[in-house]
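We name chains A, B, ... by the order of the sequence lines, and we start the count at 1 in each one.
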Amino acid sequence: MTTIAIWWAMLTAAFRSEAQYRANFVIQLLGGALFQGVGLILAWLIVSRFHSLGGWSAAEVGFVYGLRLAAHGLWVLPMGQLLNIEVLVRQGHFDRFLIRPTGTLVQVVTHKVNIAAAGDLVSGLLLLSLTGQQVLVNATPYGVAYLGLAVVGGAMTEGAIQLAIASLTFRHLETRTLRTTADSVFNTFGGYPLHAFGSTTRLLLTFVLPVAFVGYLPATVLIGRTGDLYIPAGLAYGAPLVGLLLFCVALIFWHRQVRAYQSVGH
Amino acid sequence: MNKTQAYAAFARIGLMTAMRHRLDMFARVLAPTIQIYLLVGLWSIGYGTRSSMDGVARSALMCYLTVITLQSWCLQPVAHYEIAGRIREGAIALDLLRPIPFPGQVVARQAGASLGRLPALMLAIPLSMFAGGLNAPASASRAVLYLASLTLAYAIAVLLSLLLGLASFWLTETSGIMFAYMSVSAFLSGGFVPLELMPTWLRHLFQALPFQASGYTPSAIYAGLIPADGIAAAIAIQAMWILVLAGLASLLWHRGRRVVVLHGG
């Protein structure tokens with residue numbers, strides 16, 4: 001509980017410090033909107049040009065995209081500073097985190113805050129509510145609760161992958177390319193009905209990089225499209241659990257890798 | 001030490017930094033390959049069994065996507081990150097004292113960094129032929145024009161990055177702009193969709209901005225999307241952007257060096 005209280009106190013402090021550079025604050029929000037706007041335009045261009053994608057309508061593809069976007073915002077907002085890890089490690093700023101009386105991960109993720117992610121979360125939820133009215137088959141409290149779990153689970157899935165890659169920084173010092181590659185695969189290809197891709201791609205995006213568990217798999221459950229699945233439907237229902245599991249594994253991995261940190265002296 | 005040696009030293013630093021980390025080199029081979037594989041997969045779904053769409057042949061599109069992804073991977077500028085970092089840390093004070101002008105230092109380091117990406121690219125090219133589709137250009141003259149256009153595209157990409165870096169002299173904290181720049185430039189350089197397949201409103205925006213000249217133009221020449229009689233005009237537009245951006249960079253540099261705030265470091 002104390003860890004969470006510390007995390008919250010530090011996160012709000014980081015938020016206030018970010019708001020000091022007002023021009024950058026506004027541009028960062030705009031930048032976030034533009035970044036996701038670009039992904040959405042690509043999806044829209046392809047769906048509108050070819051009328052449907054893998055038999056799914058524009059609203060259904062929009063729903064997957066919204067799910068992915070909301071999950072993305074939900075992991076980046078509290079943990080996005082992992083994307084800065086190599087600067088902390090290579091320039092020795094990480095030393096400071098080791099001598100303070102709280103966990104290293106909490107300090108890494110709160111040393112700054114990425115405001116743009118709030119925009120992702122809001123626009124993801126907006127897209128979900130806009131398309132949800134048309135495509136949701138099960139708009140009961142259970143359905144909505146599952147949707148909430150799916151967003152949280154998706155955030156954990158994407159967060160787990162990024163946390164695992166960030167953990168490699170302690171030994172390998174430079175992991176930016178790996179991280180940005182994973183990030184761009186989640187962002188660019190996570191919002192599509194994956195059954196339309198070839199079988200190799202589907203398996204890669206499900207079991208090697210678990211992109212499917214963020215948007216596509218829970219979406220098939222919510223819009224009643226589990227018939228299109230290429231894996232047992234049970235796995236799609238369990239997507240939020242998969243996220244939790246992956247995140248726990250990534251946490252353990254972080255705590256092991258942190259021991260390999262070597263200070264550069266400061 | 002004469003000037004040439006000094007510039008070479010900066011280029012060497014950029015090269016060594018780019019080649020330093022083995023895991024990162026591995027990722028650099030993998031990254032464009034994955035991007036190409038998925039992007040080609042996505043467009044293939046759209047094309048379905050069609051061999052052509054709005055005058056764009058399927059094979060030409062796949063070739064275009066492969067070339068532009070490889071190309072932008074290799075040319076990806078790092079200058080703006082570097083400048084912003086040096087301003088934030090206060091290292092800019094030392095840079096400004098050095099006997100060769102700061103923009104020159106940045107460009108030389110950038111050239112080294114790009115060279116450092118070549119080995120990974122050599123490995124990524126054969127992989128991408130499997131992942132995407134890579135045909136030889138239609139004729140030898142097209143290949144030569146591609147290389148010419150690619151050189152200009154590189155100059156434009158570096159100038160844009162330098163301009164963004166110089167803007168940090170005024171803004172101090174630029175992570176927001178960097179973020180916006182990365183996402184928008186990838187799309188507006190034609191990295192996901194070529195001009196031919198864009199709706200009209202987007203096409204106008206695309207043509208009015210310099211990004212297309214840093215990515216779309218050479219790739220479209222290579223893949224044959226630009227007809228032979230349109231190549232000269234496309235290259236002339238690239239040259240025009242170089243003049244405009246270089247003029248702007250020189251203006252920003254001469255004003256910026258007077259306003260830069262030195263953070264203690």
- Task: Sort A:Phe197 into side chain, backbone, both or neither according to what part of it lies under 4.5 angstrom from a heavy atom of chain B.
- Result: both
- Query: Should the heavy atoms of other residues, nucleotides or ligands under 6.0 Å from CZ of A:Arg256 be counted, would the total exceed 12?
  - Reply: no
- Under 3.5 Å donor-acceptor, A:Arg49 side chain and B:Leu197 backbone: yes
- Could you give the distance from CZ (B:Arg117) to OG1 (A:Thr177), rounded to the nearest 0.5 Å? 6.5 Å
- Note on the structure: Counting heavy-atom pairs under 4.5 angstrom with chain A, the leader among B:Leu42, B:Asp54, B:Val193 is B:Leu42
- Item | Atom group of B:Leu39 that falls short of 4.5 Å from chain A, counting heavy atoms | both
- Message: Do B:Tyr37 and A:Thr200 have side chains that approach each other closer than 4.5 Å (heavy atoms only, starting at C-beta)?
- Response: yes
- Item | Option in B:Ser44, B:Gly46, B:Gly41 with maximal non-hydrogen atom pairs under 4.5 Å from chain A | B:Gly46
- side chain to side chain contact (heavy atoms under 4.5 Å, CB included) with A:Ala13: which residues, sequence neighbours excluded? A:Arg16
- Task: Tell me, yes or no, whether the heavy-atom count around B:Phe130 atom CZ, taken from other residues, nucleotides or ligands under 6.0 Å, exceeds 12.
- Result: no
- Task: Measure distances from A:Ile46 to the heavy atoms of chain B and classify the residue's part below 4.5 Å as side chain, backbone, both or neither.
- Result: side chain
- Under 4.5 Å to a heavy atom of chain B? For A:Thr201 that would be both
- Could you pull out the closest heavy-atom pair between B:Ile45 and A:Gly54, with the gap in Å? CG2-N, 4.4 Å
- Given a strict heavy-atom distance threshold of 4.5 Å, which part of B:Leu38 is in contact with chain A: side chain, backbone, both, or neither? both
- Can you say whether A:Thr181 sits under 4.5 Å from chain B via the side chain, the backbone, both, or neither, judging by heavy atoms? side chain
- Task: Mind checking the CG-CD1 spacing from B:Leu202 to A:Ile41? Nearest 0.5 Å is all I need.
- Result: 6.0 Å
- Message: Quick check on the structure: residues of residues 56-75 of chain B within a heavy-atom distance below 4.5 Å of chain A, by number.
- Response: B:Trp73
